[in-house]
Amino acid sequence: MSMSEAKKKTGGLAGVVAGESAICTCGLGNGLNYYGYAIEDLANHAEFEEIAFLLQYAQLPNSKELEEYKNKIIAQRELSENLKTILKAIPKETHPMNLMQTAVAALGALEAEKEDFSNQDEKIIRLLGILPSVLCYWHHFVHFGKEIDFNSNQKSIAGYFLEKLQEQDPKEDFIKAMQCSLILYAEHEFNASTFTARTCASTKSDIFSAVAAAIGALRGPLHGGANEAAMGLIESFSSVEEAIEGVNRKLENKELLMGFGHRVYGLGGDPRNALIKVWSKHLGGETLIFKVSEAIENLMKEKKPNLPPNADFYSASAYHFMGIPTAYFTPIFIMSRVSGWCAHIKEQRANNKLIRPSSEYIGPSPRKFIKIQDR
Ligand code: CMC
C-alpha cells in the first residue's frame with residue numbers, strides 16, 4: 001500500500017482497531033449490541049436503568065437489583081449548595097453543553113473520587129442521578145429566577161427529567177419515548193467521546209475528568225451536536241416542497257446534511273434510526289415537522305443511498321414533540337451516554353495501558369535555530 005493510500009485509509013482513524021472491548025458491537029452485520037443483547041430487544045423491552053446497570057456491571061439486573069439500583073440513583077438527585085452557587089453564576093447565554101461540562105468538572109472538585117478509584121461505582125450512580133437535576137436547576141434559575149427542588153414521585157431518570165424540566169407530570173408516552181431514546185444513546189463502542197473518555201482514563205485520571213473530557217467531544221455537530229443541528233435543518237423549512245428544494249440545493253453545494261451518514265454503519269444504516277422514528281411518528285406523525293422529516297429522509301434515500309439517517313435525525317423531532325428546547329437535545333445525550341462512558345472507563349482501568357499513539361511526521365527537516373536578535 002502506498003503512503004497516500006495508507007493515509008487516506010486511516011484519515012480520522014477510520015477502520016483502525018484502537019483497542020479491545022467487551023461492551024458493545026456496532027456495525028457488525030449492521031447490528032448494535034450491548035454485551036451481546038440486540039438494541040431492538042433492549043429498546044422495546046427494557047427501561048433505561050436496566051441498561052445503565054448492564055453497562056455498569058456487565059449483566060442485566062433482576063427485579064430486586066433493578067429496584068435497589070433505581071433507589072440509589074434517586075438518592076443522588078440533590079445538588080450541594082456549592083454546586084448550586086457555581087451553576088447560578090453561569091449565564092443563560094451559555095451553551096448547555098458547557099454548563100454540563102462545568103458541572104461535571106465541579107463535581108470532581110467538590111466530591112472527588114478516591115485516588116484508588118475504589119468508589120468509582122458510587123460516582124457513576126452520582127452522575128446518573130445528578131445530571132438531570134443540574135440541567136433543570138440551571139434552566140429554571142437562569143430563565144425564571146426560580147430554584148427548583150429535587151423531590152419527585154418519578155422513579156425513572158426519563159420521568160424525573162421530564163417532570164423537572166416542564167414542572168408537570170409527564171405523559172406516559174413521553175416517558176416511554178424518552179426511555180427509548182436514552183437506551184439508544186447509552187453506548188456506541190469507540191466513538192469520539194468514548195475514546196476521549198478512555199484516553200483520559202488511561203492516564204489514571206479521575207472519573208469526573210474523563211467524563212468532562214467526553215462531554216467536550218460530544219458537543220460538536222459531527223457527533224452528539226448533530227441532533228440539534230438536524231432540528232435546525234428540519235425547522236428551517238415551512239413546507240415539504242421547500243424542504244425538497246432546500247435539501248437538493250444543499251446537496252448540489254456539497255453541504256453536510258445533519259443527521260445523515262455514519263462512520264461505522266454501512267448501507268443498511270443506523271439500526272437506532274428505525275427505533276426512534278417509531279416514537280417520533282407516534283408523537284407527531286401528523287405535524288409538518290414530521291412530514292418535512294420524512295420528505296428529507298426519502299429524498300436522501302433517492303439521492304444519497306449511501307448516507308442513511310442516523311440516530312440523531314428522528315431523535316430531534318421526537319424530543320421536539322415532547323416539548324424539549326433544542327439546546328437541551330445534546331445534554332440529554334450526556335444523561336444517557338454517561339453510562340457507556342463510565343463502562344469504558346471501568347474497562348480501561350481494569351486492564352490499563354496508557355493510550356498514546358504516534359503520528360506520521362510531515363513537518364520540516366531538522367534545521368538550524370536562529371536566535372531572536374538575528375531573525
Ligand atoms: N451530508 C452530506 N454529505 C455527507 C454527509 C452528510 N451528512 N456525510 C458524509 N457525507 C459525504 C462527505 O462529504 C464525503 O464526501 P466526499 O467523498 O465527496 O468528500 C463522503 O460523504 C464521506 O464522508 P466522510 O465525512 O469522509 O465520512 P466520515 O466517516 O468521516 O463521517 C460523519 C461520518 C457522521 C461525521 C458524517 O457522515 C457527517 O458529518 N454526518 C453529519 C453529522 C451527523 O449526523 N453526525 C452524527 C453521527 S451519528 C450519532 C452521533 O455520534 O451523534
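Whatever order the structure lists ligands and atoms in, that order sets their numbers, starting from 1. All values below come from the heavy atoms of this structure, side chains included, with hydrogens, waters and symmetry mates left out.
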*Asks:* Not counting sequence neighbours, which residues clear ring pair (Phe, Tyr, Trp, His ring centres under 6.0 Å) with Y57? List them please.
*Replies:*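 Residues passing ring pair (Phe, Tyr, Trp, His ring centres under 6.0 Å) with Y57: F53.
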*Asks:* In terms of the angle between their ring planes, are W138 and H143 parallel, tilted or perpendicular, with boundaries placed at 30° and 60°?
*Replies:*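 Geometry flag for H143 against W138: perpendicular rings.
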*Asks:* Let me have the donor-acceptor pairs involving side chains of residues 84-91, under 3.5 Å, with sequence neighbours excluded, atom names and distances please.
*Replies:*
{"unit_1": "K84", "atom_1": "NZ", "unit_2": "E81", "atom_2": "OE2", "d": "3.2"}
{"unit_1": "T85", "atom_1": "OG1", "unit_2": "E81", "atom_2": "O", "d": "2.9"}
{"unit_1": "K88", "atom_1": "NZ", "unit_2": "E147", "atom_2": "OE2", "d": "3.2"}

*Asks:* Sort and list the pairs that fulfil ring pair (Phe, Tyr, Trp, His ring centres under 6.0 Å) and have at least one residue in residues 180-219, not counting sequence neighbours.
*Replies:*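 Non-adjacent pairs meeting ring pair (Phe, Tyr, Trp, His ring centres under 6.0 Å): Y185-F333, H188-H262, H188-Y265, F190-F195, F190-H344.
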*Asks:* Salt bridge between E187 and R337, side-chain N to carboxylate O under 4.0 Å?
*Replies:*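 No.
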*Asks:* For ligand 1, what N or O to protein N or O distances fall under 3.5 Å?
*Replies:*
{"unit_1": "ligand 1", "atom_1": "1 (N)", "unit_2": "L257", "atom_2": "N", "d": "2.9"}
{"unit_1": "ligand 1", "atom_1": "7 (N)", "unit_2": "L257", "atom_2": "O", "d": "2.7"}
{"unit_1": "ligand 1", "atom_1": "7 (N)", "unit_2": "F260", "atom_2": "O", "d": "2.8"}
{"unit_1": "ligand 1", "atom_1": "29 (O)", "unit_2": "R263", "atom_2": "NE", "d": "2.7"}
{"unit_1": "ligand 1", "atom_1": "30 (O)", "unit_2": "R263", "atom_2": "NH2", "d": "3.0"}
{"unit_1": "ligand 1", "atom_1": "40 (N)", "unit_2": "F260", "atom_2": "O", "d": "2.9"}
{"unit_1": "ligand 1", "atom_1": "44 (O)", "unit_2": "G259", "atom_2": "N", "d": "2.8"}
{"unit_1": "ligand 1", "atom_1": "44 (O)", "unit_2": "N310", "atom_2": "ND2", "d": "2.9"}
{"unit_1": "ligand 1", "atom_1": "45 (N)", "unit_2": "L222", "atom_2": "O", "d": "3.0"}
{"unit_1": "ligand 1", "atom_1": "51 (O)", "unit_2": "H223", "atom_2": "ND1", "d": "2.8"}
{"unit_1": "ligand 1", "atom_1": "52 (O)", "unit_2": "H223", "atom_2": "O", "d": "3.0"}
{"unit_1": "ligand 1", "atom_1": "52 (O)", "unit_2": "D312", "atom_2": "OD2", "d": "2.7"}

*Asks:* Between D206 and K114, is the closest basic N to carboxylate O distance under 4.0 Å?
*Replies:*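 Judged by the 4.0 Å cut-off on N to carboxylate O distance, K114 and D206 do not form a salt bridge.
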